[in-house]
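Report on the structure given below.
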Amino acid sequence: MPKITILRSFKRYREDELNIKTSAIIQSLTGNPHFPTPQPSLEEINQSRIAFLDALVASKTGSKQATLYKKECRSILEKQLELLGLYVNMNCFDNEVIAQSSGFDVKKKGKPVGILAKPSNLTIVNGPVKGTLIANIDRINRAKSYIYQITTSPLTETSIWETHVSSRKKIEIENLQSGTEYAIKVAAVGKEPILVYSDVVFSYVL
């Protein structure tokens, strides 16, 4: 079973958002049978929330001392929420539904990449040097590299494909025979060993 991770950092929240999120967590954990003894207690968390709100209002005067005190109150609240998040993480038993019932955010699970998509929009143009072709395709998400294969036309069952590997979606193939038509196809390489090749595209070399 995938491990559940509670997001315990609150630095991304604006001041008003932090108050709203803290209130939501307190409400979600109040009477929640899955988390009967929150540590720190919900009363402590709420006291820190109120202290932060009061300091926030006081800081509107622009006083440097009031601003520093607001930051101190926020730091205390964030540390307490981090400890509370650790308590939730340890007591949710890696159950996502239970974890989400706490009011905390849960880290999204990474989805398996699977077989990469079939490359599309394969374009072939002559390169700047005689006897070269430049092949390019649309970028494929999570592709580690690209395998280009090329052979002379016409295609037959005995055609021999020459392979070129590129870390980029665009490649320049050299040392080709001028005046010859070539067939080119490409596949994206990911974690899965299965390769899905594009449709074959034909192009003459100048």
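All values derive from a computational prediction rather than experimental measurement.
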Quick check against the 3.5 Å criterion: does [X] have a side-chain atom that pairs as donor or acceptor with the backbone of [Y]?
{"X": "Ser75", "Y": "Lys71", "result": "no"}
{"X": "Tyr146", "Y": "Arg139", "result": "no"}
{"X": "Asn91", "Y": "His34", "result": "no"}
{"X": "Lys191", "Y": "Lys144", "result": "no"}

Please determine, by modelled atom types, if [X] and [Y] share a side-chain donor-acceptor pair under 3.5 angstrom.
{"X": "Ser63", "Y": "Thr61", "value": "no"}
{"X": "Ser41", "Y": "Glu44", "value": "yes"}
{"X": "Ser48", "Y": "Gln80", "value": "yes"}
{"X": "Asn32", "Y": "Ser101", "value": "yes"}

Is it the case that atom [atom1] in [X] sees more than 12 heavy atoms from other parts of the structure closer than 6.0 Å?
{"X": "Glu172", "atom1": "CD", "value": "yes"}
{"X": "Arg14", "atom1": "CZ", "value": "no"}
{"X": "Glu174", "atom1": "CD", "value": "yes"}
{"X": "Tyr87", "atom1": "OH", "value": "yes"}

- Could you walk me through whether Lys170 and Ile137 pass side chain to side chain contact (heavy atoms under 4.5 Å, CB included), step by step? CA-CA 7 Å; Lys170 184 178 182 180; Ile137 59 168; over 6 Å; no

Which heavy atom in [X] sits nearest to a heavy atom in [Y], and how many Å separate them?
{"X": "Leu77", "Y": "Ile45", "answer": "CD1-O, 3.9 Å"}
{"X": "Asn126", "Y": "Tyr204", "answer": "ND2-O, 3.2 Å"}
{"X": "Phe35", "Y": "Val88", "answer": "CE2-O, 3.6 Å"}
{"X": "Pro119", "Y": "Ala188", "answer": "CG-N, 4.0 Å"}
{"X": "Lys11", "Y": "Arg74", "answer": "O-NH2, 3.8 Å"}
{"X": "Lys185", "Y": "Ser198", "answer": "CA-OG, 3.7 Å"}

To the nearest 0.5 Å, tell me how far [X] [atom1] sits from [Y] [atom2].
{"X": "Asn46", "Y": "Thr30", "atom1": "CG", "atom2": "OG1", "result": "8.5 Å"}
{"X": "Lys3", "Y": "Cys92", "atom1": "NZ", "atom2": "SG", "result": "9.5 Å"}
{"X": "Leu81", "Y": "Leu86", "atom1": "CG", "atom2": "CG", "result": "12.5 Å"}
{"X": "Lys130", "Y": "Leu176", "atom1": "NZ", "atom2": "CG", "result": "12.5 Å"}
{"X": "Trp161", "Y": "Ile147", "atom1": "CH2", "atom2": "CD1", "result": "13.5 Å"}
{"X": "Arg168", "Y": "Asn136", "atom1": "CZ", "atom2": "CG", "result": "11.5 Å"}

- Query: Can you find a pair of side-chain heavy atoms, one from Leu155 and one from Phe202, that are under 4.5 Å apart?
  - Reply: yes

- Validation row: Ser9, Glu82 side chains within 4.5 angstrom (heavy atoms):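 No, every pair of side-chain atoms sits at 4.5 Å or beyond.
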
Group every Ile, Leu, Val, Met, Phe, Trp and Tyr by side-chain heavy-atom contacts under 4.5 Å, then state whether [X] and [Y] land in the same group.
{"X": "Ile150", "Y": "Val189", "value": "no"}
{"X": "Tyr148", "Y": "Val201", "value": "yes"}
{"X": "Tyr13", "Y": "Leu84", "value": "yes"}
{"X": "Val125", "Y": "Leu122", "value": "no"}
{"X": "Phe104", "Y": "Ile26", "value": "yes"}

- Please assess Thr22 against Phe10 for the test side chain to side chain contact (heavy atoms under 4.5 Å, CB included), listing each intermediate value before the final yes or no. CA-CA 10 Å; Thr22 303; Phe10 291 83; 5.8 Å; no

- Task: Give the C-alpha distance, both sets of side-chain angles, the deciding distance and a yes or no for side chain to side chain contact (heavy atoms under 4.5 Å, CB included) between Val106 and Ile6.
- Result: CA-CA 5 Å; Val106 177; Ile6 297 294; 4.1 Å; yes

- Indicate yes or no: does Asp105 engage Arg8 in a salt bridge with an N to O separation below 4.0 Å.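 No, Asp105 and Arg8 are not salt-bridged.
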
- Query: Passes side chain to side chain contact (heavy atoms under 4.5 Å, CB included), Arg12 versus Leu7? Steps please.
  - Reply: CA-CA 11 Å; Arg12 66 187 185 279; Leu7 297 180; 4.2 Å; yes

- Query: What's the verdict on salt bridge (Lys or Arg N to Asp or Glu O under 4.0 Å) for Lys70 and Glu15, showing C-alpha distance, side-chain angles and the deciding distance?
  - Reply: CA-CA 10 Å; Lys70 177 197 68 175; Glu15 293 168 340; 2.7 Å; yes

- Message: Going by side chain to side chain contact (heavy atoms under 4.5 Å, CB included), Ile184 matches just one of Thr151, Val200, Ile171, Ile173. Which one?
- Response: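 Single side chain to side chain contact (heavy atoms under 4.5 Å, CB included) partner of Ile184 among Thr151, Val200, Ile171, Ile173: Ile173.
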
